[in-house]
Undergrad: 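Sharing a structure here in structure tokens format.
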Protein chains: 2
Amino acid sequence: MATKKISLLGSTGSIGRQSLDIAQAHKDVIEVVAMAAGGGNLDLFAEQIKQFQPALVSVPGEAERKTLKEKLGASKIQIEIGSQGLEAVAAESGADTVVTGVVGFLGLKPTAKAIEKGKTIALANKETLVAAGSAVMPMVEKYGAKIVPVDSEHSAIFQSLSGHTKDDLEAIWLTASGGPFRTWTKEQIDGATKGDALKHPNWNMGQKITIDSATLMNKGLEIVEARWLFDMPADKIRVVVHPQSILHSAVEFVDGSIVGQMGIPDMRLPIHYALFHPERVHSARVPRLDLTTLSQLTFEEPDTDRFPCLAIAKKVASEDTTSACVMNAANEIVVAAFLNDRIAFRDIPRLIEQVLEKHKPISKPGLDDILEADRWARQEADNLLKARAA
Amino acid sequence: MATKKISLLGSTGSIGRQSLDIAQAHKDVIEVVAMAAGGGNLDLFAEQIKQFQPALVSVPGEAERKTLKEKLGASKIQIEIGSQGLEAVAAESGADTVVTGVVGFLGLKPTAKAIEKGKTIALANKETLVAAGSAVMPMVEKYGAKIVPVDSEHSAIFQSLSGHTKDDLEAIWLTASGGPFRTWTKEQIDGATKGDALKHPNWNMGQKITIDSATLMNKGLEIVEARWLFDMPADKIRVVVHPQSILHSAVEFVDGSIVGQMGIPDMRLPIHYALFHPERVHSARVPRLDLTTLSQLTFEEPDTDRFPCLAIAKKVASEDTTSACVMNAANEIVVAAFLNDRIAFRDIPRLIEQVLEKHKPISKPGLDDILEADRWARQEADNLLKARAA
């Protein structure tokens, strides 16, 4: 097979590290041509650069560039910085596939840049579609780009749709682990600590996503993402709680047949799939699921009373306005505040709702409307947090 | 969409009745052009003929033709008889799809005839591939025919493979309900009555298949069927017991991803799928599965000690000889003997093994070798039964 040339955004994060694990295992066919990382772990980034020898890398600012240069020693590698650097990595002409492993709204602009270049996007940055699906999806069509989802749920849906068209699809079944608080009472959840919320039962992920998983906002964001990715109305996207995370999601066809994808909960499977799509390649890294050892899989309705973020997201997902962008931005700010011990777990949905209540939604927003709504929502969430602290 | 014109073999049997239920529900797009039935329920067959108005029908013999003519009154319909009649229905020039709902080895010749005419075969007669896969599959290729399986398990595998090629496939996971004796001890199973064996927990099927399901020979036959249908070695076809029969089977791709098809256990789903393939058409008849109401799905290893028929079939499936044909023929005879209260449940695997022990397998058999092996095995099984009775 032809060599796959990839650009990697978010190289030292959870998705980035696992992508490189796969690239290393398949180094005869995967070449990493560009990498971008945040400044949090420059030691690791320097190691990754030495190992994969990309032509171009990017870090957040001048300070990180200086530190990285020192760590790389005699290397002549091109080091870019800031959002321009991130976009340069996303647009790198040598890459055919861009893995968007950055977390949050930060991923939107470089992803848009990669789309403009007609690349295949291995999309792990769900905020891109959540906030800006109505602006991004027409760009995908216009520039002949392609999105292959890396979220395990959307990868499962994508895989289950193989050989079918949208007309065949009746509904989408998004599975949710239910998070660490699935069996907790409303009162227990209200008093949950950061430590409690960071204990995810099945998935090894970054901190922000782990909190989103505890509030079920992650599933809410995924409803919005699925709505754009598969062009389905929100009321045809149903959530089912499945604590074992073996069935990664499913599709229901018009004839009543349900096809779903299963596996061990391990992000390397959807990453591997996205990197090699449309081919299926033997995996040296993905652990195998033996169905005879499963014992039992359970399923239940999600509870929007104990998990109000899911109700907020369902409502927002049914609109085509800036509300999804605002929900996402407010969520980023309040989750960061929770991770910094500034607010309680129960405050997360309350603050998001307060921001949404103040928002005047714009219908069918363009990219500029979305950038402005995002900015406004972050400021509004910040103001609410400051008012509480005062 | 263009009208689907179907020929139906086994019109008054379980598959036949359910096929007509679907044809009736979609009568604007499905036309039944020919029908064949055994003589067991000529009242029903006459009703079906009046309802669907086919151009050609067939019954076993002269006596049935006479009775049917009387029941049909003034109808000028063409009524054929015997194996020639069955083959005429299978080859009916007006049909593009032939539903082979006849049970047993009887289905082989008409199925071969339909293949020679390049038709799409909605294959519910698993004995065709079990006994004669090595002869039939090259014919499918030669005549440009197509087999769409109607067995729920093989339909699930077929659906799960959509958009993929054989190179993508690593293994097949055949699910088994485990039958009515799944939790019985070996001693209890040895003493099982006909009434016990006919109580299938999930599926509403014909008597012969229900007994095969109790012995797990049904799963054994399905291993052989899958081996031919999907061109997979028998050791890559794994059986997993799944008592709820919701996951109808699955495929494991080379990258470790498992894709499976789920639904309410109802044969109308795979029949509907086969009739409309490659399109997915909204079903007015297939009951929907709501994943949130599933509560639990369980999985376990099959026990070949308590269910020796499965061990016999696995061994036979690994060969490309007349042994599978002999196993199938012996099974048909001894199951009929069990249904006629001539032998005990425990005698079923014992007698099949005795016939297989006496058989001298022919490698890569042609259709004539298979017909001869079938004839020999039936006689041999009969002789064993007579010797026991004496």
Undergrad: B:His272 versus chain A, heavy atoms under 4.5 Å apart: side chain, backbone, both or neither?
TA: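 For B:His272, the contact with chain A is made by the side chain alone.
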Undergrad: Pick one: which of B:Thr165, B:Asp255, B:Asp167 meets side-chain hydrogen bond (donor to acceptor under 3.5 Å, both in side chains) with A:Arg280?
TA: B:Asp255
Undergrad: Nearest heavy-atom pair of B:Phe299 and A:Leu297: which atoms, and what distance?
TA: CE1-CD1, 3.7 Å
Undergrad: Is it the case that the side chains of A:Glu300 and B:Thr292 hold a donor-acceptor pair, with the cut-off being a distance below 3.5 Å and no angle test?
TA: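 Judged by distance alone, the side chains do not pair up.
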Undergrad: Could you look at B:Leu289 and say if it's the side chain, the backbone, both or neither that has a heavy atom under 4.5 Å from chain A?
TA: both
Undergrad: Just wondering, do B:Leu247 and A:Met262 contact through their side chains at under 4.5 Å, heavy atoms?
TA: yes
Undergrad: Regarding A:Asp290 and B:Arg238, does a basic nitrogen lie under 4.0 Å from an acidic carboxylate oxygen?
TA: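 Here A:Asp290 pairs with B:Arg238 in a salt bridge, since their nearest N and O are under 4.0 Å apart.
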Undergrad: If we count only N and O atoms by modelled type, under 3.5 Å, do the side chains of A:Gln261 and B:Ser257 hold a donor and an acceptor together?
TA: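 The answer is yes; a qualifying pair exists.
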Undergrad: Before accepting this row, confirm whether a basic side-chain N of the pair A:Glu252/B:Arg288 lies closer than 4.0 Å to the acidic partner's carboxylate O.
TA: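 Looking at B:Arg288 together with A:Glu252, the answer is yes, because their closest N to O distance falls below 4.0 Å.
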Undergrad: Looking only at heavy atoms and a cut-off of under 4.5 Å, which of B:Ile258, B:Thr175, B:Leu294 has the most pairs with chain A?
TA: B:Ile258
Undergrad: Nearest 0.5 Å please: distance from the CD atom of B:Gln244 over to the CD atom of A:Gln296.
TA: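 Atom-to-atom, B:Gln244:CD and A:Gln296:CD are 9.0 Å apart.
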Undergrad: When only pairs under 4.5 Å are counted, which of B:Leu169, B:Val281, B:Val286 shares the most heavy-atom pairs with chain A?
TA: B:Val281
Undergrad: At a heavy-atom separation under 4.5 Å, does B:Val239 approach chain A through its side chain, its backbone, both, or neither?
TA: backbone
Undergrad: Using a cut-off of under 4.5 Å on heavy-atom pairs, state which of B:Gly260, B:Gly163, B:Ala250, B:Pro278 scores highest against chain A.
TA: B:Gly260
Undergrad: Can you establish whether the number of heavy atoms outside B:Lys186 located under 6.0 Å from its atom NZ is more than 12?
TA: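 More than 12 heavy atoms, drawn from other residues, nucleotides or ligands, come within 6.0 Å of this atom.
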Undergrad: Quick check for you: to the nearest 0.5 Å, what is the distance between A:Gln159 atom CD and B:Ser162 atom OG?
TA: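 Going from CD on A:Gln159 over to OG on B:Ser162, the span is 13.5 Å.
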